[in-house]
Structures are given as C-alpha cells and as structure tokens.
*Asks:* 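I have a structure I would like to understand better, so I am pasting it below and will then ask my questions one at a time.
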Amino acid sequence: MSRFRLPDGFPVTLARDTSLWSGGRVATGGSPWKVVRLADAARPHLAALRRAGAAGLADPSPVGRALARKLLDLGMADPLPAPRPGPHDVTVVIPAYERAGELERSLAAVGDVPVIVVDDASPDPEPLRRVAEAYAARLVRHARNRGPAAARNTGLRLVETSFAAFVDSDCRPMEGWLDVLVPHFDDPRVAAVAPRIVPLSDDTGLLARYETARSALDMGMRPALVRPGGRLGFVPTATLLVRVAAVADAPFDEDLRLGEDVDFVWRLGDQGWNVRYEPAARVAHTPRLHPVAWARRRHEYGTSAADLARRHPGRLAPARPSMWNLAVLGLLARGRPGAAAGVAGVTAALLARRLSELPADWSLAAAIVGKGAVADAAAIGHALRREWWPLGLLTLAACRRSRLARAAAVAMLAPVALEWLRQRPSIDPVRYTVLRLAEDVAYGSGVTAASARARSAAPLLPDVRFPESFSSVRERARTAAGRWTAAVRAAGRDPR
C-alpha cells in the first residue's frame, strides 16, 4: 500500500457514475461497475469529498488519503492534478512510414522536447530523413517493415527520460498537452495516460462531419480509469504518455500488427498499474475520409479480435447478459410486461437476499436489476450491429413481421438515436444511423473474418451469466468487504 500512497495535496473528485447508498456506507460505480461496502471510518471523509463536488478535495488525513487511493483504483473517483508547465522529462517517439508531410506537421506540434523518429522501412527514406533533420529529431531506421509495435519498442529502448510519449506521425498534439498529462504521474500507480484524440481536417463532406461526431480514436469528453469491462475498456496508442519504468519490461507485442494498443493497456492493468484517460489534453488526428479507406480501416480493427481473444481469454465476449435479464427482456419483447415485471421483482428480491450483509435496503437491489437489464439490452443491440451483424441485418429486415425482431431492432437503434440526440452532429439522423451501421458492420465483418481464419468462435460467443448460489455470493461479498475494511484500518489507523 505504501508503494502507491498518494502524495500530499493530490486532489480527487467522485466520478460521475459513483452513487452512494445508506448514508455513504455503500457505493456503486467504478470500472468495471461494482458494489462496495465502505468502512465506517471512511464515511466522514467520503461526505467531505461529496460536498467538494467537481472542485475535488485533497484530504490530508491518513484515512482520507487511503479512501482516495481506493476510490481511484476502483474507478469511483477521478484525479484532479493541476496542470504544470514544463520543461518536462519526456521524450517523444514517433513511428513513421512514408507520409513525410504528416511527420513534419507532427514534429512542429510536439513542442520543445527530445524526439526519436523510427522509420519503419519506408521505400524511400530520404523525405523522412530530411524532415527529421530539419527538426533536430533523432532518426533510426528499420531494415524491414516490422509494424507500429516494433517501431515504438525501438524508440522506447533509446529513451533516457522518465517518460515517453508515443505519437503517431498523423497526430498533432495541441498546446499544453504535456502540462496536463504529466501531473497525473504524481500518482505512483499510474503507468500511462492518454489524451483525447480528435479528427481535424479541412474537409466538410459527409464522412468528415461523421468523423467529427464519432471518430474511432475519440474516447469522449469524460475522464476515466481504463479497464477491461469498464466504461472505457482501452485507449488507442496513437498518442500515449507512459512511465518508462513501468513499461520497459512489458513493451508492445511485436507479433500484433493491429490491436497492440489494447493488448498493451490490458497487460499494464494485469500487472497492477493504472491507465487513465484525460480528455483535457487534446491531440488532432488526420482522419481517413475516402469511403473505401474508411471502411477498410474499420474492418482491419475488427481483425485484431481473434489474436486478442487468444491472448486474453474471455475478455472479447460481445455481450455478457445474465439469465435473469434475458428472461425479462424476452418477456418484454413478447409483449408481456406484467410477466417481465414479475421476473424482475423476483430477481430484485433474490439479489436483496444476496446483498443482505450490506447495510442497504431493497432500493439498491432494484436499482441494480434495472441498470443491469438496460445495460444487457444495449450490449445485445451492440453485438447485433457488430459481431452478430448478419443476424442484426436479418432482424432489421424482419421488423414488420415479427414482434421479437422489432424489439431487437429497438435494442440496436435506440442507442444510436441517443448518441445523435446527445451530440447533435451536423448530419441528419437518418444518414448518421446509416453510417453508424456501416461502421459497425465493417468492424464486425473483420471480427468474423479473423475468427474464421483462426478457427475460433471465441470473439463471437456471448458469456451468459448464470445464477450463483447464495452461499458463494455472500462469501464473496464478505471477503471483499473484509479486505476493504482492513485496508482502511491499516492506512487510517481506525481505532476499532
């Protein structure tokens, strides 16, 4: 615990999705979402953190710092380190393959820091050499093309600073990016921080406007702890700042031409490190706007699924619905809301019994059941648009003839409609929906193709959660609560 203790004056704020129950004795939220029992010693400190709101709080007490540490590690709190002007102990690593013009724009944007450009065996090396020389960047060259993972590793081995920033040659960090990202490493548990990557071009066509609203590299406007199964399961490494000491022994997997960023981030988490997403730092990216190139790139992203599923078994399941929620959703789809409400009520009652050792009333169980049903419906709709896209297209075609197909179509299209309403992009909702479906099918076809080549259905199969025995759930809740209480007592010198 002491190895990762937060420094004095490090402020945090409760994450937007964190909810408190029973006077602060139970919290829900996090990454992945969970239910946590809080020790009594932590309650006044949690109340102070809640009163601080978005401004955050740097609680100086031992219990307050232990609470902040735990909430950050659970994803129930977000760090609020103040931006800090340079100079910064950072070296930028830029993997490059041709596109000297893009490299020049990237070098002009990164700022006054050492830069290593890795030419991944461009057919004509001279344009890259001239650009690197003009900006006093160190240039190294691969004798053969080995892919972006190998190029980043080559640059990483040459870094002599405490931090390395991987920046793709078609990315242009905006002013002050390191001032925002570097202070996150005051938290000794942080291994990497990703900025927000936004598309930027002079094109005003339909695809450019869609990219502005929904780029594959843009992870959104909310900060997050990056974890498999969380709201943000990965971040792209098109631009990523890392702690060299954390990644030197676990660099990118050079056997992966695609998906190496997902694998890299997941392995850091498995080793006990935190990876954070900080949208206050922004990086411009040149999007692919030709329709064929755009669709091909989405398809290529999907082809990484089979390799990732082999390296990370179980993490690529397209949906993880519970049997109870499937029963509720199936009854609703069949037009039997009364029976669905009855099953939901029984589910809530059983869950309340499972949570009986927590200091919470039935409303917590009801909220979990409702949230879970909505989340599972959205996940099934998402899978029907992507990994299960052939079935999804058949579903849309059968809407007029089948009530079940109409319900599935709602699960597919309602989240897209909500996206459009929240973002209000400069595209009408019909064309936005068509492009969204095209993007998902392109990605899903990549998953299908990769699964066929690997002769593995793992990236296509759901992970259905069956009911657990009461005793196993109670034991798990008791163990988790005991560990949390022990941690707070040890760090906070709880007198009980």
Side-chain angles (χ1 to χ4, degrees), residues 79 81 83-97 99 102-120 128 131-132 135-140 148-188 190-198 200 217-219 223 226 234-248 250-252 260-262 264-265 268 273-286:
R84 186 162 62 239
H88 301 292
D89 192 27
V90 173
T91 299
V92 171
V93 175
I94 304 180
Y97 181 79
R99 299 194 296 180
E102 291 283 11
L103 175 62
E104 183 171 10
R105 298 170 69 193
S106 182
L107 287 170
V110 296
D112 187 20
V113 292
V115 179
I116 299 170
V117 176
V118 182
D119 178 0
D120 195 24
L128 293 183
V131 170
Y135 284 86
R138 180 177 180 180
L139 177 68
V140 294
R152 294 188 188 108
N153 288 345
T154 294
L156 181 63
R157 285 191 288 268
L158 300 174
V159 169
E160 298 178 352
T161 52
S162 299
F163 304 101
F166 301 113
V167 180
D168 282 1
S169 62
D170 57 359
C171 289
R172 301 173 298 283
M174 298 184 185
E175 186 177 358
W177 66 299
L178 289 175
D179 297 348
V180 174
L181 297 180
V182 169
H184 277 275
F185 293 93
D186 292 347
D187 178 351
V190 169
V193 186
R196 184 180 183 188
I197 301 175
V198 295
L200 188 64
L217 299 180
D218 186 353
M219 299 291 105
V226 183
F234 78 99
V235 285
T237 50
T239 300
L240 184 71
L241 183 63
V242 302
R243 189 190 302 271
V244 172
V247 305
F252 291 91
E260 80 287 349
D261 46 5
V262 180
F264 179 72
V265 167
L268 286 176
W273 294 99
N274 285 346
V275 177
R276 302 215 60 91
Y277 172 64
E278 177 49 83
R282 290 162 62 92
V283 173
H285 171 260
T286 302

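Below, each value reflects all heavy atoms present in this structure, side chains not excepted, and no hydrogens, waters or symmetry copies.
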*Asks:* Which atom names give the shortest non-hydrogen contact between C171 and H285, and what distance separates them?
*Replies:*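 C171 and H285 have their closest heavy atoms at SG-CD2, 3.8 Å.
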*Asks:* Would you check if F185 and L241 make a side-chain contact, meaning some heavy-atom pair closer than 4.5 Å?
*Replies:* yes
*Asks:* Roughly how far apart are E260 CD and T237 OG1, rounded to 0.5 Å?
*Replies:* 5.0 Å
*Asks:* Can you tell if the side chain of S106 reaches within under 4.5 Å of the side chain of I94, non-hydrogen atoms only?
*Replies:*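 Yes; the side chains approach each other to less than 4.5 Å.
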*Asks:* Indicate yes or no: does D186 engage R84 in a salt bridge with an N to O separation below 4.0 Å.
*Replies:* yes
*Asks:* Look at the rings of F166 and F264 and say which category their plane angle falls in: under 30° parallel, 30 to 60° tilted, over 60° perpendicular.
*Replies:*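 Rings of F166 and F264: perpendicular, over 60°.
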*Asks:* If every non-hydrogen atom of A246 is compared with every non-hydrogen atom of L268, which pair is closest and at what distance?
*Replies:*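 For A246 versus L268, the nearest heavy atoms are O-CD2, 4.1 Å.
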*Asks:* Under a 4.5 Å cut-off applied to non-hydrogen side-chain atoms, are V117 and L103 in contact?
*Replies:* yes
*Asks:* With side chains defined as the heavy atoms from C-beta onward, is the minimum distance between R105 and T286 less than 4.5 Å?
*Replies:* yes
*Asks:* Which pairs, with at least one residue in residues 160-176 and sequence neighbours excluded, count as a salt bridge (Lys or Arg N to Asp or Glu O under 4.0 Å)?
*Replies:* R99-D170, E102-R172, R152-D168
*Asks:* Measure the shortest side-chain to side-chain distance between V113 and F163 over non-hydrogen atoms and say whether it is less than 4.5 angstrom.
*Replies:* no
*Asks:* Identify the heavy atoms of L107 and A132 that sit nearest to each other, and give their distance.
*Replies:*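 Shortest heavy-atom separation between L107 and A132 comes out as CD1-CA, 4.3 Å.
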*Asks:* Using every non-hydrogen atom in the two residues, find where A191 and W273 come nearest and quote the distance to one decimal.
*Replies:* CB-CB, 3.5 Å
*Asks:* For residues P251 and A248, report the shortest heavy-atom separation together with the two atoms involved.
*Replies:*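 Shortest heavy-atom separation between P251 and A248 comes out as CD-O, 3.9 Å.
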*Asks:* Report the residues that fulfil side chain to side chain contact (heavy atoms under 4.5 Å, CB included) with A108, sequence neighbours left out, ordered by chain and then residue number.
*Replies:*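 A108 satisfies side chain to side chain contact (heavy atoms under 4.5 Å, CB included) with Y135 once adjacent residues are dropped.
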*Asks:* Which heavy atom in D179 sits nearest to a heavy atom in G86, and how many Å separate them?
*Replies:* OD1-N, 3.4 Å
*Asks:* Side chains of P223 and P279: does their closest heavy-atom pair fall under 4.5 Å?
*Replies:*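 Contact flag for P223/P279 side chains = yes.
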*Asks:* With rounding to the nearest 0.5 Å, note down the distance linking CE in M174 to CD1 in I197.
*Replies:*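 It is 10.5 Å, given to the nearest 0.5 Å.
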*Asks:* According to salt bridge (Lys or Arg N to Asp or Glu O under 4.0 Å), does anything in residues 108-119 pair up with another residue at least two apart or in another chain? List the pairs.
*Replies:* D119-R141
*Asks:* Under 3.5 Å, side chain of D89 to main-chain N/O of T161, donor-acceptor pair present?
*Replies:* no
*Asks:* In Å, rounded to the nearest 0.5 Å, how long is the span from OH of Y97 to CG of L128?
*Replies:* 10.5 Å
*Asks:* Are side-chain heavy atoms of V283 and V167 found at a separation under 4.5 Å?
*Replies:* no
*Asks:* Any side-chain heavy atom of R138 within less than 4.5 Å of one from P114?
*Replies:* no
